[in-house]
Each structure stands twice: as structure tokens, then as C-alpha cells.
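For reference, the structure discussed in these notes is given below.
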Amino acid sequence: MPPCVQRLRASTSPFHTPTPPPVFTGIIEEVGTVTAVEPLGSEQAGKRLTIEAEMAPTLDIDQSVSINGACQTVVAVTPDASTFAVDTI
């Protein structure tokens, strides 16, 4: 049984509020570098961010990556340059 379940069951006092287990915040695999920012048509259309990262060759188009906590979809991968791109609005 996980420790958090054991801890919750161990408390029988009606006045005791058990502490919830920590929230999962994600796994940081790598910190990349933004190498280009290009407009997607008009200013309201958003930007394409090109990011250099060692993990780029392992990514596929339509795969999700988290950038500063925001989920983004990979729209291009350049394995030889170790870059990938996402579109943001």
C-alpha cells in the first residue's frame, strides 16, 4: 500500500485533517534554447518558436512538449540541427 494511503488510514480523529500527498508537477528532461521566433501571418495569428535541444531528434511531429508549463504541439523537427518548432498564439 502506498505511504500516503497508510497515512490517511492511520488518522481516525474527527478533528484531524490529513495532509494530502504532494502534487505531481512534471519532469524536466532538458532546458532548451529559443533560436528563432517567426510570425505566423498577422500579429494576431501567433508565432512559431524554434527551439534547440538535444532531445529534438527524438521528437515526432504532433507530439506534445511542455514549455514553461504550457503544453505545445511539435510542428517541425530538424534532427541534424537538433531543433524543433512549436506554434503558439
Side-chain angles (χ1 to χ4, degrees):
M1 182 176 307
C4 62
V5 174
Q6 291 174 349
R7 185 173 63 240
L8 292 175
R9 287 191 179 165
S11 174
T12 57
S13 169
F15 304 106
H16 176 69
T17 304
T19 304
V23 175
F24 178 72
T25 59
I27 298 170
I28 299 172
E29 290 186 29
E30 182 177 352
V31 176
T33 302
V34 175
T35 59
V37 178
E38 304 167 49
L40 294 173
S42 69
E43 274 299 312
Q44 292 80 20
K47 308 277 187 214
R48 175 166 289 184
L49 305 177
T50 301
I51 301 162
E52 183 178 4
E54 290 180 21
M55 69 185 299
T58 67
L59 298 175
D60 295 316
I61 292 176
D62 289 333
Q63 188 171 354
S64 293
V65 294
S66 176
I67 300 176
N68 283 349
C71 188
Q72 302 287 310
T73 302
V74 175
V75 296
V77 178
T78 310
D80 56 328
S82 293
T83 63
F84 67 94
V86 298
D87 291 346
T88 185
I89 54 170

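In this chain, residues are counted from 1 in sequence order. Only heavy atoms go into these numbers, but all of them, side chains included; no hydrogens, no water, no symmetry mates. Note that the structure is predicted; figures quoted are calculated from it, not measured.
For CD of Q63, the number of neighbouring non-hydrogen atoms (other residues, nucleotides, ligands) closer than 6.0 Å is greater than 12.
Of all non-hydrogen atoms in V86 and T73, the two that sit nearest each other are CG1-O, 3.5 Å. Shown here for A56 and S82, the closest heavy-atom pair between the two residues is CB-C, 3.4 Å. In plain terms, the two heavy atoms of T88 and L40 that are nearest each other are O-CD1, 4.5 Å. Here the closest heavy-atom approach between residue D60 and residue V77 is recorded as C-CG2, 4.4 Å.
With hydrogens and angles disregarded, a donor-acceptor distance shorter than 3.5 Å links the side chain of E30 to the backbone of M55.
One distance of note links OG1 of T78 with CG of L59; it measures 11.0 Å at 0.5 Å rounding. Rounding to the nearest 0.5 Å gives a distance of 13.0 Å between CD1 of I89 and NZ of K47. To the nearest 0.5 Å, atoms CZ (F84) and OG1 (T50) are separated by 9.5 Å.
Using a 4.5 Å heavy-atom threshold, the side chains of I67 and I51 count as touching.
Residue pairs meeting the salt bridge (Lys or Arg N to Asp or Glu O under 4.0 Å) criterion with at least one member in residues 75-87, sequence neighbours excluded, are R48-D87.
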